[in-house]
Engineer: 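Structure provided below as structure tokens; questions to follow.
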There are 2 protein chains.
Amino acid sequence: MARGFVTAEEVAKKAGVSRSAVSRTFTPGGSVSKAVRRKVLKAAQELGYRVNRLAQGLNNDRSNLIGVVGANLSSPFISKQLDLLSIGLLRRGLQCLLLNAADARKDIAPLIELLFEFRAQAIVVLSGEPPASIVDECIANGVRLILINQRLDRTDTNMVLSDDSHGADLAAMRLVAAKCRKVAVVSSGSQTPAQLRRAGAFTQRMTVEGIEVVPWSGGPTSYDSGYQAGCELLADKSIDGAFCVTDLLALGFMDAARLEMGRRVPEDISIVGFDDIPQAGWKSYQLTTVAQSFDALTEKVLTALDSDEPETRLQVVPVSMVERITAR
Amino acid sequence: MARGFVTAEEVAKKAGVSRSAVSRTFTPGGSVSKAVRRKVLKAAQELGYRVNRLAQGLNNDRSNLIGVVGANLSSPFISKQLDLLSIGLLRRGLQCLLLNAADARKDIAPLIELLFEFRAQAIVVLSGEPPASIVDECIANGVRLILINQRLDRTDTNMVLSDDSHGADLAAMRLVAAKCRKVAVVSSGSQTPAQLRRAGAFTQRMTVEGIEVVPWSGGPTSYDSGYQAGCELLADKSIDGAFCVTDLLALGFMDAARLEMGRRVPEDISIVGFDDIPQAGWKSYQLTTVAQSFDALTEKVLTALDSDEPETRLQVVPVSMVERITAR
DNA sequence: ATGAAAGCGCTAACAG
DNA sequence: CTGTTAGCGCTTTCAT
């Protein structure tokens with residue numbers, strides 16, 4: 001072998017036992033005598049033996065690999081999610097095979113197919129919507145698929161998502177309480193389902209309340225897009241409230257309002273965001289926002305990994321309003 | 001088999017060819033006739049066959065897996081790095097096995113050992129310092145080890161790091177140019193080597209320039225630590241400059257200065273950071289900072305993956321001063 | 001408790 | 001070009 005890893009065979013020889021004795025020593029619950037175990041452990045130690053998980057997995061058809069696909073890994077929201085998820089997986093003895101889709105919309109299907117080839121036991125999709133054919137293939141191959149903040153219209157997939165519409169409702173009510181008359185709702189140009197749900201529910205509620213809403217969307221989901229939205233929207237002096245479907249957008253919007261368009265926040269305009277990313281709490285912003293619970297989201301994903309209850313398919317995680325200072 | 005993946009054997013039977021014909025069809029450069037190839041492809045398609053990379057790797061002793069270990073994955077700096085790295089790996093046909101060390105200092109060794117078990121071809125360490133014994137084991141097993149922003153005193157490992165001392169020097173010179181008399185240098189309590197180098201080089205330079213420096217360190221590398229540093233340090237009215245070894249610290253420090261301690265930036269105090277994370281460019285901050293080149297860093301890591309040149313072992317990536325508005 | 005032997009899914013060397 | 005054969009490193013019956 002080119003690469004120099006020691007095999008169980010070599011350990012067996014050195015320890016003067018059979019190859020299966022070695023295997024048993026490293027298998028939890030394998031029946032080996034103290035004496036043999038000790039010899040094996042000693043030899044393994046000296047040789048620097050490491051079990052080959054690939055071979056192990058090949059044998060009992062479980063790779064221990066959990067595929068994670070996502071895009072935009074450096075955004076505060078996704079990276080936080082990934083952080084918690086990868087820690088949680090490791091804690092459960094699972095490994096995280098991370099595939100980064102440069103473009104969420106297009107690249108996701110081939111990545112999932114790649115994960116099949118690695119025999120991932122389960123696949124977690126952080127962002128992007130897998131096509132139906134792929135979902136079918138997951139089912140067919142017994143690979144559990146877990147979608148985050150993505151609602152597909154089928155009952156055979158695991159989905160865990162924040163309660164977007166309720167969150168949007170909270171945001172709406174908050175702006176009503178702030179006595180806004182005309183509010184902007186800003187989302188990015190990449191209309192993800194979650195963003196659509198938020199904007200939709202918000203608009204609907206505001207309409208019921210008889211408050212005029214002016215929609216804006218454009219660019220990627222970023223600070224800059226929010227900034228641009230602010231610059232464009234606030235040319236209209238009568239807008240006195242804004243719901244940004246993402247904190248990142250809200251932060252950009254807020255800076256545009258204060259620093260570019262001469263508005264005071266919240267005196268002249270009330271701003272509410274969604275997500276509660278760390279930056280929303282920074283002293284320069286103190287954004288009032290609808291918080292997703294990262295911990296709860298992650299927890300649900302982790303449990304969805306093994307639980308087989310059908311009623312567990314769709315998990316809606318509650319959101320909550322974080323009152324800071326950007327809404328009157 | 002419990003899990004329902006189709007094997008090459010089944011495809012072969014269905015296509016009426018030998019099992020190796022199937023293998024060859026899926027091996028780039030395998031010699032198969034058009035006719036056979038077509039039959040195989042058709043059968044594979046209908047059956048939903050996927051090559052088993054685990055078995056493939058077992059055979060030719062290459063897993064295609066690149067281990068990536070890091071901590072603090074949700075910090076802007078690390079997440080950006082991971083984002084670029086994972087994209088780059090994928091583009092090169094490599095997979096990214098991500099292991100998140102909840103605690104950078106303690107957990108890193110076991111994670112690398114785990115990576116051995118998965119026969120990772122190479123290991124990239126985003127944060128944390130692997131113990132010498134582990135490094136030795138990498139060498140022994142022919143696993144390439146690549147350390148980011150970590151300088152070990154050995155010539156048999158790949159290290160790619162930003163030019164911290166030059167960067168610190170730039171920061172120092174900038175504060176000299178701002179005519180500062182007494183400057184703070186703030187770092188986190190987790191004294192990483194990179195932070196140590198920056199603070200050290202800065203202090204040394206300032207000492208040469210005859211400018212008083214007051215060091216501060218504490219807490220994790222976070223916005224909050226920076227904020228706390230600001231609150232504590234700026235009780236001293238005579239401090240008129242600060243070098244924060246990390247942008248995150250700088251942003252917190254800046255907020256403390258302006259919003260808590262009544263200082264104007266840069267009129268009363270000049271602030272310089274290090275890293276150039278996205279938030280440093282946000283309109284509310286516009287932090288003057290020493291930029292690491294994420295792209296260059298990633299590029300070097302990627303090339304270190306295959307290149308075998310010994311002179312490529314230690315790669316120092318240049319940094320540059322990004323002039324914004326927080327230094328006079 | 002232990003060893004021998006079969007097999008996981010795949011590739012590669014070897015004949016034909 | 002194609003099939004047969006022999007492994008890759010491991011786990012797991014099956015005897016002993």
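First the proteins, then the strands, lettered A, B, ... as listed; each starts at 1.
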Engineer: Compute both the distance and the angle, then confirm whether A:Arg119 meets the cation-pi test with B:Phe5: under 6.0 Å from the six-membered ring centre, within 45 degrees of the axis.
Structural biologist: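 Judged by the rule (NZ or CZ under 6.0 Å from the ring centre, within 45° of its axis), A:Arg119 counts as positioned above B:Phe5.
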Engineer: Identify whether any heavy atom of B:Tyr49 sits under 4.0 Å from a base atom; if not, whether one sits that close to sugar-phosphate; answer base, sugar-phosphate or nothing.
Structural biologist: sugar-phosphate
Engineer: Taking the side chain of B:Asn60 as heavy atoms from C-beta outward, which of D:dC10, C:dG3, C:dT11 is closest to it?
Structural biologist: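 It is C:dT11.
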Engineer: Nearest whole Å is fine: how far is C:dA1 C1' from A:Arg38 CZ?
Structural biologist: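 Answer to the nearest Å: 15 Å.
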Engineer: Over all heavy atoms of both residues, which pair between B:Val125 and B:Leu145 is shortest? Give the atoms and the distance, please.
Structural biologist: CG2-CD1, 4.0 Å
Engineer: Any base atoms under 4.0 Å from A:Ser33, or only sugar-phosphate, or nothing? Heavy atoms, all strands.
Structural biologist: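 It contacts sugar-phosphate atoms only.
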Engineer: Between C1' on C:dC10 and CZ on B:Arg62, what's the gap in Å once rounded to a whole number?
Structural biologist: 15 Å
Engineer: Nearest to the A:Thr27 side chain among D:dC10, D:dT12, D:dT2, which nucleotide is it?
Structural biologist: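 Comparing D:dC10, D:dT12, D:dT2 against the side chain of A:Thr27, the answer is D:dT12.
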Engineer: Look at the side chain of A:Asn59 and decide which nucleotide, out of C:dT11, D:dG9, C:dG9, has an atom nearest to it.
Structural biologist: D:dG9
Engineer: Looking at B:Ser23, I'd like to know whether one of its side-chain N or O atoms comes within less than 4.0 Å of OP1 or OP2 on C:dT11.
Structural biologist: yes
Engineer: In terms of side-chain heavy atoms of A:Arg24, which of C:dC10, D:dT13, D:dT11 is nearest?
Structural biologist: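 The listed nucleotide nearest to A:Arg24's side chain is D:dT13.
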Engineer: What integer distance in Å separates A:Leu58:CG from C:dT11:P?
Structural biologist: 12 Å
Engineer: Could you tell me if the side chain of A:Cys96 sits less than 4.5 Å from the side chain of A:Leu90, heavy atoms only?
Structural biologist: no
Engineer: Within a reach of under 6.0 Å around CZ of B:Arg91, are more than 12 heavy atoms found that belong to other residues, nucleotides or ligands?
Structural biologist: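 Result for CZ/B:Arg91: open.
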Engineer: Calculate the interatomic distance between B:Lys13 atom NZ and C:dC10 atom P; express it in whole Å.
Structural biologist: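 Going from NZ in B:Lys13 over to P in C:dC10 covers 14 Å.
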Engineer: Atom CG of B:Asp61 to atom P of C:dA12: distance rounded to whole Å?
Structural biologist: 12 Å
Engineer: In terms of the nearest nucleotide of DNA chain D, which residue is placed more toward the 5' end: B:Lys34 or A:Ser20?
Structural biologist: B:Lys34
Engineer: When all nucleic acid strands are considered with a 4.0 Å heavy-atom cut-off, which category describes B:Arg53: base, sugar-phosphate, or nothing?
Structural biologist: nothing
Engineer: What's B:Val36 touching, base or sugar-phosphate or nothing? Going by heavy atoms closer than 4.0 Å.
Structural biologist: sugar-phosphate
Engineer: Any side-chain N or O of B:Thr7 under 4.0 Å from OP1/OP2 of C:dG9?
Structural biologist: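 For C:dG9, neither OP1 nor OP2 has a side-chain N or O of B:Thr7 closer than 4.0 Å.
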Engineer: Please state how far atom CZ in B:Arg19 lies from atom P in C:dC14, giving the value in whole angstrom units.
Structural biologist: 19 Å
Engineer: Output the rounded distance in Å from CG (A:Asn52) to C1' (D:dG7).
Structural biologist: 14 Å
Engineer: Please state how far atom CD in B:Glu9 lies from atom P in D:dG3, giving the value in whole angstrom units.
Structural biologist: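 So the two atoms are 13 Å apart, to the nearest Å.
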Engineer: Only one of A:Arg313, A:Lys300, A:Gln315 passes side chain to side chain donor-acceptor pair (under 3.5 Å) with A:Asn158; say which it is.
Structural biologist: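 When side chain to side chain donor-acceptor pair (under 3.5 Å) is applied between A:Asn158 and each of A:Arg313, A:Lys300, A:Gln315, only A:Arg313 qualifies.
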